[in-house]
Peer 1: 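The structure's right below; bear with me while I get my questions together.
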Amino acid sequence: MTMVVIQQELPVSLVPENITRLTPYAAGKPIEEVQKELGLADIVKLASNESPLGPSPKALEAIASIASKIAFYPDGLAPVLRAPIAAKLGVPEEYLIFGNGSDEILHLICETFITPGISGTVQADPSFAMYHIYATLADAKVTKVPLVNYTHDLEAIAGAVTAETKIVFIANPNNPTGTLVTQSEVDRYMARIPDHVITVFDEAYYDYVEHLEKPDLLPYVLAGRNVIICRTFSKAYGLAALRVGFAIARPEITDYLNRGRSPFNVNMVAQFAAAAAWADTDHLKNAVAINSAGKKQVYAALNKRGIPYVPSEANFVLIDVGRDSREVFDALLRQGVIVRAGAGLGLPQHIRVTIGKPEQNERFFSALDKVLDI
Ligand SMILES: *Cc1c(COP(=O)(O)O)cnc(C)c1O
């Protein structure tokens, strides 16, 4: 039977103006899709900053043992996860809120604090795409402050704040550049930023940071400042598919965030797997060590070829390919290597490449050599 698809535009009056300005988030291409499209068997995905080590085996055991319980709703407050994280961070439990990925928490922050059509947000450009999407969804006025030398310019960001600004987003390290703002830069920013602004420090790549001046935002949270720290189990913990993230903020903030939160937003399997992953500190150390060694390998290979790149505090490197990144992306794809084209990220001549295992990094460079004709 053939289906007749009727295409008819929605009436203009139906869709609010801010929604018409949105374009969907373009995610990294899934391995299966590339396999199907190009008929390739062996594909390396270095596009979404996933962990090449994968999750802790203890997380997989936890998934198997909780599987028989999934007829029941989960405990919406995620106590199995909340207690050990609060204990390790040294914060009271009410300072934490969990989300279906840290993405959901970013969404909730916008929905909770933005007054549609009136409030503003400030972020760097380029930075993580979801800040713009959630802020626009909540109908905020989005102000973007250019990076300087691929790095957040916190002075300029603080300078862009107005009486209407509600939220400042700082990805630290930044995605897609991998750059860090240091403790002293953060301290200067915090000394200056007024209290009517909530600053979101998105620390999705926190565990990978090796810089000696890695900032610690917890003292600001504990001092009652309007700071929200976001962390995730998607990157160093290797649990991207399960969707677990959390935020740390003073209880007056988490209280408001909780009011609009879906009651069972973090599913039961995710809660138990993340709790097991959190406890397996050796596995995390191993993931971080693999990344650190892989980054050195990638830097050496780039230096050898004279290809410019941005030194990274995360698990990916932004590479200047000196030509249209979409062409490089397509050509790498045909070699079975999925990366992220900077074109969609506001960096038309760059690609963003996740650090893989040694053999995956080598595979990337042999493909890149063919593509760039070195
Ligand atoms: C990957 C990433 C996230 C999203 O993490 P989830 O917890 O998987 O939703 C958030 N912020 C930044 C900067 C990221 O790169």
Side-chain angles (χ1 to χ4, degrees), residues 24-28 30 45-52 54-55 59 78 81 85 96-111 121 123-135 137 144 147 150-152 167-181 199-209 215 217 228-248 257 261-262 265-267 269-271 273-274 277-278 284 287 291 310 312-318 339-340 342 344-347 352-355:
Y25 178 78
K45 186 183 179 204
L46 301 172
S48 301
N49 307 335
E50 292 137 333
S51 169
L81 204 44
I85 293 179
L96 299 178
I97 181 163
F98 293 87
N100 189 249
S102 48
D103 277 352
E104 192 201 14
I105 298 175
L106 296 170
H107 186 179
L108 208 48
I109 292 168
C110 289
E111 294 296 336
T121 63
Q123 62 163 91
D125 184 30
S127 191
F128 186 51
M130 296 316 298
Y131 309 149
H132 173 99
I133 293 180
Y134 291 138
L137 187 60
K144 295 189 177 181
L147 298 176
Y150 299 102
T151 309
H152 277 88
I167 304 166
V168 173
F169 294 102
I170 299 169
N172 202 32
N174 190 37
N175 178 3
T177 55
T179 51
L180 187 80
V181 285
T199 305
V200 176
F201 285 91
D202 181 352
E203 299 185 335
Y205 302 96
Y206 177 84
D207 300 289
Y208 291 119
V209 176
L217 272 305
I228 303 177
I229 303 169
C230 289
R231 303 261 178 93
T232 181
F233 282 89
S234 298
K235 307 284 161 59
Y237 289 91
L239 295 176
L242 286 184
R243 317 300 305 123
V244 197
F246 64 96
I248 315 154
L257 292 175
R261 182 179 61 81
S262 309
N265 60 329
V266 182
N267 73 71
V269 178
Q271 290 183 25
W278 181 261
L284 180 69
N291 185 63
V310 182
S312 170
E313 289 291 332
N315 67 337
F316 57 84
V317 179
L318 188 70
V339 300
R340 200 63 155 269
L345 308 168
L347 294 158
R352 195 195 68 194
V353 184
T354 305
I355 304 295

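Both ligands and their constituent atoms are indexed starting at 1 by order of listing.
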Peer 1: Give a yes or no on whether the backbone of Ala47 and the side-chain of Arg352 come within a donor-acceptor separation of less than 3.5 Å.
Peer 2: yes
Peer 1: Among all protein heavy atoms, pick out the one at the shortest distance from atom 2 (C) of ligand 1; state its residue, atom name and that distance to 0.1 Å.
Peer 2: Lys235 NZ, 2.5 Å
Peer 1: Please confirm whether Gly101 comes under 4.0 Å of ligand 1, counting heavy atoms of the residue only.
Peer 2: yes
Peer 1: With heavy-atom distances below 4.0 Å as the criterion, list the atoms of ligand 1 near Thr232.
Peer 2: 5 (O), 6 (P), 7 (O), 8 (O)
Peer 1: Could you pull out all residues at least two apart from Ala124 that satisfy side chain to side chain contact (heavy atoms under 4.5 Å, CB included)?
Peer 2: Ser127, Leu147, His152, Ile157
Peer 1: Show me which atoms of ligand 1 lie under 4.0 Å from any heavy atom of Ser234.
Peer 2: 6 (P), 7 (O), 8 (O)
Peer 1: Taking only residues two or more places apart in sequence, or in another chain, which ones meet His132 in a ring pair (Phe, Tyr, Trp, His ring centres under 6.0 Å)?
Peer 2: none
Peer 1: Heavy-atom contact check, 4.0 Å cutoff: does Asn49 meet ligand 1?
Peer 2: no
Peer 1: For the residue pair Asp202 and Tyr131, establish whether any side-chain heavy-atom pair is separated by less than 4.5 Å.
Peer 2: yes
Peer 1: Would you check whether Phe233 reaches within less than 4.0 Å of ligand 1, judged by its heavy atoms?
Peer 2: no
Peer 1: Nearest protein heavy-atom contact for atom 11 (N) of ligand 1: which residue, which atom, what distance?
Peer 2: Asp202 OD2, 2.6 Å
Peer 1: Around atom 9 (O) of ligand 1, find the nearest protein heavy atom and jot down its residue, atom name and distance.
Peer 2: Arg243 NH2, 2.8 Å
Peer 1: Would a distance-only check, ignoring hydrogens and angles, find a side-chain to backbone donor-acceptor pair under 3.5 Å from Ser48 to Glu50?
Peer 2: no
Peer 1: Does the side chain to side chain contact (heavy atoms under 4.5 Å, CB included) test come out yes or no for Phe169 and Cys230, once each step is laid out?
Peer 2: CA-CA 10 Å; Phe169 294 102; Cys230 289; over 6 Å; no
Peer 1: Going through the checks in order, is the side chain to side chain contact (heavy atoms under 4.5 Å, CB included) test met by Arg340 and Thr354?
Peer 2: CA-CA 9 Å; Arg340 200 63 155 269; Thr354 305; over 6 Å; no
Peer 1: Verify, without hydrogens or angle tests, whether Asn172 (side chain) and Val181 (backbone) share a donor-acceptor contact under 3.5 angstrom.
Peer 2: yes
Peer 1: Heavy atoms only: which of Phe246, Tyr205, Phe128 is nearest to atom 15 (O) of ligand 1?
Peer 2: Tyr205
Peer 1: Between Asn175 and ligand 1, which residue portion shows a heavy-atom distance shorter than 4.0 Å: side chain, backbone, both, or neither?
Peer 2: side chain
Peer 1: Report the part of Glu104 (side chain from C-beta onward, or backbone N, CA, C, O) that has a heavy atom under 4.0 Å from ligand 1; answer both or neither where that applies.
Peer 2: neither
Peer 1: Check each heavy atom of Ser102 against ligand 1 and say whether those closer than 4.0 Å belong to the side chain, the backbone, both or neither.
Peer 2: both
